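For the numbers below, each heavy atom of this structure counts, side chains included, while hydrogens, waters and symmetry mates do not. All chains are named by letter (A, B, ...) in the order of the sequence lines, taking the proteins before the strands, and each is independently numbered beginning at 1. Keep in mind the model is a prediction, meaning the values are calculated, not measured.
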Protein chains: 2
Amino acid sequence: MSEDLNQRSQNILEAIVKDYISSAEPVGSRAISRKHALNLSPATVRNVMADLEEMGFLCSPHTSAGRVPTSKGFHYYIDSLLEVRDLSDSEKARLTSSYQFKGMRLEDALQEVGRVLSGISSYTGLVMAPRFSSTVFRQIEFLRLSHKRLLVIFVSKTGLVQNKVIESDVDWTPHQLENITNYLNQTLHGLTIQEIRNQLSDEIQQERARASELQQQAMKLSQAALNAEVEDNVYVSGTTRILEQPEFSSPELIKKIFQTLESKQQLIELLDQAQTADGVQIFIGSQSQHHAIEGCSLISSPFSGKKGAIGTLGVIGPMRMDYSQVIPIVDFTAQLVSRVLERESE
Amino acid sequence: MSEDLNQRSQNILEAIVKDYISSAEPVGSRAISRKHALNLSPATVRNVMADLEEMGFLCSPHTSAGRVPTSKGFHYYIDSLLEVRDLSDSEKARLTSSYQFKGMRLEDALQEVGRVLSGISSYTGLVMAPRFSSTVFRQIEFLRLSHKRLLVIFVSKTGLVQNKVIESDVDWTPHQLENITNYLNQTLHGLTIQEIRNQLSDEIQQERARASELQQQAMKLSQAALNAEVEDNVYVSGTTRILEQPEFSSPELIKKIFQTLESKQQLIELLDQAQTADGVQIFIGSQSQHHAIEGCSLISSPFSGKKGAIGTLGVIGPMRMDYSQVIPIVDFTAQLVSRVLERESE
DNA sequence: GTTAGCACTCGATGGTGATGAGTGCTAACA
DNA sequence: TGTTAGCACTCATCACCATCGAGTGCTAAC
């Protein structure tokens, strides 16, 4: 945020944002001058408000309504005015005990994280499982579905199971497949899918001359098995919770939001952006090119296991979200999930 | 439907339902008497309408609006008045060519079916994958996650991959696991999970005395692996399409419907009911105890592979659905999917 | 049994005026 | 020069009211 605001303007902006967060309604100068101990008359507040509107932090739905913070206003509030308190130990304990991961598949555990996030924040919970390309290889199995059609099953170090169907030029015998399987399971252990891909294409180029026909085919097979993108998993929970918010009362708006939430692709793009940085990221309104979540904010944080198996989790809610509460929850949850992932992947 | 209606009443009921389906608005006596070549004056139509209302086939939102069919009215219409035409060959061809299943995993294929169903019907598509207990065993793999925690992976004959984590009392060696795996893969081939469960519990009881400690443990392990219920998969597509319908304009109603669509459990119960009978089933409004889809209708049909691996697919839309179009589509799609399933599972 | 006629109901539409929250502007004040 | 009181103005909201018209129920005549 480039602009500087003097202390009084900051106080008033903060007061407006806070009032708006709790009321969901435009706030007027009187309310500010009375409730918040600023000792300023409504008229003074009005002057400041006019300035803030000029600068783009506020806007008014119409002449005689109060002011509503713009996404720029929220942004300034979060960057400069909001002090995010840490969770108390008891809150941390409560959050920790919400999760009973033991004996769960990773998929189910992540889904559960989404549910809990949605439950405690009262907004919509989002969890994106670690991208396939960044997961660490543990085991591969081939299964002959018919001649030339193979089902490939991978298991990642964290216990994520992915499968897909590939077509092969060669009609492999069970014995050949077993050999290939053993070879791959030995060689690839502990590498990420991305590393494996790079390595494979290198090897194929280098060994083209030396390798036998069969070996070359085997390499091609494993390349095919690992190359094609497997759909990344996004878990969305509590979509209807977002409807409780008064600002989402118009059917058109509801439709837009649900279309976004239904399209995994859009969510993946959104969460991918959040994944690049460390720690909690906040996307406000349409600020992020993503007109998709106009009027909404996304608070998200990446989580990771030992070897860069990165996923993202977060909460989508109205722009008017209770940031001071949701931010530490998302933050701590990401740490919690990271810790569990590290423990499990040993 | 027990009641009998004379020809004229039937004609008028049919006219009202048809008008209401296309307009989504209460229909009055005048419109009926004019548009449909019944040669009856509005007054006569009114008399009949009053009778129909008395009998529960119609209701009026208020005194001076027209009449709207009740769920009983729709029911009568579908049972006695609607003649469902078969799809023309070109329509069948078009539908068939919408699907490109080859090289797809079963999960993806079913998801795709939902998408297409939703697309051509303009309502919400629903597909429930074959229940785990009725799928035919093809292969099982065990993977040691940590001491005593095992990841079990099943593959069904149709290529459906399921996995889950189980805890075992014994810390198996890789060699032991391999033996168990081989044994199970040989013995269980071609049986449904349900058959396997029955067989296993029989064997455990019978062989308790004779078998060695290790054998008993192995049996227990496989029982644990196959007993616990794996979540059944429901694919929902085009949820937002239902919002296009004029009757779903109130936020409360939208919320209710989306809550139902979000809760897989409720959908499974609903689709399970539809699965018991052969062919297309129709649930109208809240008629089916399921207040969950009040105001909606569900048109569904089971599909199956060679050996009773039964799933269900269908369409959820407003009560005022275009039944004459959707019913044959659902019917034919179910046949199509069954055919593909049978071909694939050989 | 059918229909024309008619009084009646009731939602939808649109105009009017009062209300009140909130603003911008100006002039006075410290 | 910054702050404030005062005041005219704007505009959404609401209640009220008259009008309109689609549609009904009832009755009497055909």
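Between A:Y123 and A:R320 the shortest heavy-atom distance is OH-O, 4.4 Å.
Following rounding to the nearest Å, B:I32 (CD1) and D:dT24 (P) show an atom-to-atom distance of 10 Å. Between A:E54 atom CD and C:dT23 atom P the separation is 16 Å, expressed in whole Å. Rounded to whole Å, atom P of C:dG11 lies 15 Å from atom CZ of B:R67. Distance CG (B:N47) to P (D:dA28): 15 Å, rounded to an integer number of Å. A:M49 places its CE atom 9 Å from the P atom of C:dG24, with the value rounded to the nearest Å. Whole-Å rounding puts the B:I16 CD1 to D:dG23 P distance at 12 Å. Whole-Å rounding puts the A:D51 CG to C:dG24 P distance at 10 Å. Whole-Å rounding puts the A:L58 CG to C:dG24 C1' distance at 16 Å.
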Query raised in the report: So what's the dot-bracket for DNA chain D: Watson-Crick or G-U pairs under 3.5 Å, [ ] if a pair crosses, | if it pairs off-strand?
Result: ||||||||||||||||||||||||||||||
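For the contact set between residues 22-31 of chain B and DNA chain D, defined by any heavy atom under 4.0 Å, the members are B:G28, B:S29.
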Sort me out a list of protein N/O and nucleotides 10-13 of chain D N/O pairs below 3.5 Å, or just none if empty.
residue: D:dT10; atom: O3'; partner: A:T63; partner atom: OG1; Å: 3.4
residue: D:dT10; atom: O2; partner: A:S64; partner atom: OG; Å: 3.4
residue: D:dC11; atom: OP1; partner: A:T63; partner atom: OG1; Å: 3.2
residue: D:dC11; atom: O4'; partner: A:S64; partner atom: OG; Å: 3.4
residue: D:dC11; atom: O2; partner: A:S64; partner atom: OG; Å: 3.1

Are any protein N/O atoms closer than 3.5 Å to N/O atoms in nucleotides 6-9 of chain D? If there are, list each pair with its distance.
residue: D:dG6; atom: O6; partner: A:R46; partner atom: NH2; Å: 3.3

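Every ring-ring contact (aromatic ring centres under 6.0 Å, His included) that A:F258 has, sequence neighbours left out, goes to B:F258. With sequence neighbours excluded, no residue satisfies side chain to side chain donor-acceptor pair (under 3.5 Å) with A:Q325. Residues forming a ring-ring contact (aromatic ring centres under 6.0 Å, His included) with A:F332 (at least two apart in sequence, or on another chain): none. Considering only residues two or more places apart in sequence or on other chains, B:E244 meets the side chain to side chain donor-acceptor pair (under 3.5 Å) condition with A:K255. Residues meeting the side chain to side chain donor-acceptor pair (under 3.5 Å) test with B:S9, sequence neighbours left out: B:N6. When the salt bridge (Lys or Arg N to Asp or Glu O under 4.0 Å) test is applied to B:R115, the partners found at least two apart in sequence or on another chain are B:E112.
Salt-bridge annotation for A:K256 and A:E252: absent, with no side-chain N of the basic residue lying under 4.0 Å from a carboxylate O of the acidic one.
Residues A:T312 and A:D272 are not in side-chain contact: their nearest non-hydrogen atoms beyond the backbone lie 4.5 Å or more apart. Looking at heavy atoms from C-beta onward, A:L298 lies in side-chain contact with A:L126 at the 4.5 angstrom threshold.
For residues 31-47 of chain A, the set of pairs meeting the salt bridge (charged side-chain N to carboxylate O under 4.0 Å, His left out) definition, not counting sequence neighbours, comprises A:D19-A:K35. Contacts classified as side chain to side chain donor-acceptor pair (under 3.5 Å) and involving residues 55-70 of chain B (residues at least two apart or in different chains) are given here: B:E53-B:S60, B:E53-B:R67.
Note: A:Y76 and A:F57 have perpendicular aromatic rings, judged against thresholds of 30 and 60 degrees for the angle between ring planes.
In terms of phosphate contacts, A:R8 brings no side-chain nitrogen or oxygen within less than 4.0 Å of OP1 or OP2 of D:dG2.
Note that OG of A:S301 is 6.0 Å distant from CG of A:L313, once rounded to the nearest 0.5 Å.
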